[in-house]
Structures are given as structure tokens and as C-alpha cells.
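Everything below concerns the one structure shown next.
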Amino acid sequence: MGGRDLPLTATRDSLFPPPDVVAIADGAVLLSGFAEPLAEDLVLTVGRVAASAPFRHLVTPGGYRMSVAMTNCGTAGWVSDRTGYRYTATDPETGRPWPAMPSLIADLAARAAAAAGFDTYAADACLINRYAPGSRLSLHQDRNERDAAMPIVSVSLGLPATFLFGGLRRADRPRRIGLRHGDVVVWGGPARYAFHGVAPVADDEHPLTGRCRLNLTLRRAL
Ligand code: MD6
Ligand code: FE
């Protein structure tokens, strides 16, 4: 057999390849496949969170039931009801504190933020979204967080989706970015208040999640 000899030295990059960073906008990047090595653990971790804080469909201040099912982990959790959007320390459904943020998730978010150029990131809130086929999230800004210097880190698992990433005005036409299993998006700085959303998820089956897309959206809320 004519196999070629291996090079004599391993390089740092051969063991730890640099992340695949794609610019989306000034302050926003896609880290392609960044979470892929942890995906199986992440899905199991989401299952454990949801066992103590079940997924639910929140109601918007306008009275609409959201098609995305949500839960949270961390010291703060994002909720919506007829009175508005806010962060709470306890799950309004159970009256208990949200499950603690697993270090698997917190560490991943800090590494992703660093890869995007945001050095000190300690997320305290992880919103977990579950999209069944047809679920969508309309264009919005994330503006309930105290510290605008801290970026948003978003981890996609399971079925693919089209992320809509607009500008600072609602009327700015959004870019359409395909998000696949294991992709991470980080937005902050000049993109921190960019309008964004998710187009309706197409029906399919994923080996790890079945017929759904999971998204972890990490924030520094308090
Ligand atoms: C996503 N989610 O699911 C992005 N923002 O890919 C969000 O942007 C989001 O689900 C604010 C509140 C809830 C969310
Ligand atoms: Fe958002």
C-alpha cells in the first residue's frame, strides 16, 4: 500500500482547529458547527432541564400564543405574558427557581463569545426554544437585558432553520442565514439590538432531536 507518511509534528491547529467564523454583520458572526462536538450532551442536558421546568407556549403581550415552546435555565429566565416580557428568578408554572445553568452550556457560551471577540462573558440566563415543524419567531429585538455590552449567544440543534437577521430598524430587510445542527450565532456590539427572527421550520426528522429544532439563547440578563 502506498500510504503517505504523516508529518512528524502535530500542530496546535491539527488537534484544535480554529473555529469556522463567518461574518453576518458588524458585531455578528456565525460559528459554523462550533457546538457539534457537544451536541449529544446538549440534547440530553436540555431533556434534564425540561424534566424540572417543562416546555410551555407563552402568550405575548398582544395575546397571541407563541408557536415556539420555551423553558429556561440559569438564575434568570425569560418569560412573556399579557403584562409584557421580563426575566424572572422563578418559573411561574412551578413556583420553583429555574434549573441551574449546566456548566456544559455556560462554558460553551463563554468559548463562543470569545471566538467572536467578546472576551468576558458570563451568561446568567439560557432560554431554550423548541420549534416543531411550522413554528416560527417573528422579527424582534432582544432588549430586556441590563448590560448592552454583553452579546447574545444562540446555539442551534436538530432540524435546520433559516435565521432572519436584519438591521437596527424593523424595516431593514433581513438577511436569510441557514442554521444547521451545531451552529452558533453571536451578536453584540453594533449588532446587539439588530432585529432577528426565525422562518417557519420545515418538517423533517433529525437523528438526535426527532421532529424538532432546539435553540439555546444565552444572555447576560441581570
Ligand atoms: C432562535 N430566539 O430561536 C432565536 N429572542 O433561534 C430568539 O431570538 C429569541 O426565542 C427573544 C426571546 C425569545 C427568543
Ligand atoms: Fe431574540
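One-based numbering, in listed order, for ligands and for the atoms of each. These figures come from a predicted structure and were not determined experimentally. Residue numbers count from 1 along this sequence. These values consider heavy atoms only, across backbone and side chains, with no hydrogens, waters or symmetry-generated copies.
- Contacts with ligand 1 closer than 4.0 Å are made by side-chain heavy atoms of Tyr131 only, the backbone lying farther away.
- Two residues are said to be in side-chain contact when any heavy atoms from C-beta on lie closer than 4.5 Å; Asp142 and His196 meet this criterion.
- Look at Arg211 and Glu205 and you find no salt bridge, because none of the NZ, NE, NH1 or NH2 atoms lies under 4.0 Å from a carboxylate O.
- At least one side-chain heavy atom of Thr45 sits less than 4.5 Å from a side-chain heavy atom of Ile105.
- For the pair Arg170 and Phe195, the cation-pi criterion (under 6.0 Å, within 45° of the ring axis) is not fulfilled.
- Near Met70, meaning under 4.0 Å from any of its heavy atoms, are these atoms of ligand 1: 10 (O), 13 (C).
- Residue His140 approaches ligand 1 through these ligand atoms, each under 4.0 Å from one of its heavy atoms: 5 (N), 7 (C), 8 (O), 9 (C), 11 (C).
- In this structure, Arg219 counts as a contact residue of ligand 1, since one of its heavy atoms falls inside 4.0 Å of the ligand.
- From the protein, the heavy atom lying nearest to atom 7 (C) of ligand 1 is Leu137 CD2, 3.3 Å.
- At a heavy-atom cutoff of 4.0 Å, ligand 1 is contacted by no atom of Arg130, backbone or side chain.
- For ligand 1, none of its N or O atoms has an N or O atom of Trp187 under 3.5 Å away.
- Annotation for ligand 1: atoms under 4.0 Å from non-hydrogen atoms of Arg213 are 1 (C), 3 (O), 6 (O).
- Remark: ligand 1 atoms within the under-4.0 Å shell around heavy atoms of Val198 are 1 (C), 6 (O).
- Nearest protein heavy-atom neighbour of atom 10 (O) of ligand 1: Asn129 ND2, 2.8 Å.
- The shortest distance between side-chain heavy atoms of Arg143 and Tyr85 does not fall below 4.5 Å.
- Ligand 1 has a nitrogen or oxygen under 3.5 angstrom from a nitrogen or oxygen of Asp142.
- Cation-pi geometry between Arg220 and Tyr121 is not met at under 6.0 angstrom from the ring centre and within 45 degrees of the axis.
- Annotation: cation-pi pair Arg130/Phe55 present, NZ/CZ under 6.0 Å from the ring centroid and within 45° of its normal.
- Remark: minimum distance from atom 8 (O) of ligand 1 to any protein heavy atom is reached at His196 NE2, 2.9 Å.
- A centroid separation of less than 6.0 Å is found between the aromatic rings of Trp187 and Phe163.
- Looking at Asp142, its N, O or S atom nearest to the Fe ion (ligand 2) turns out to be OD1.
- Looking at Asp91 and Arg56, a side-chain N of the basic residue comes within less than 4.0 Å of a carboxylate O on the acidic one, giving a salt bridge.
- In this structure, the protein non-hydrogen atom closest to atom 13 (C) of ligand 1 is Leu127 CD2, 3.0 Å.
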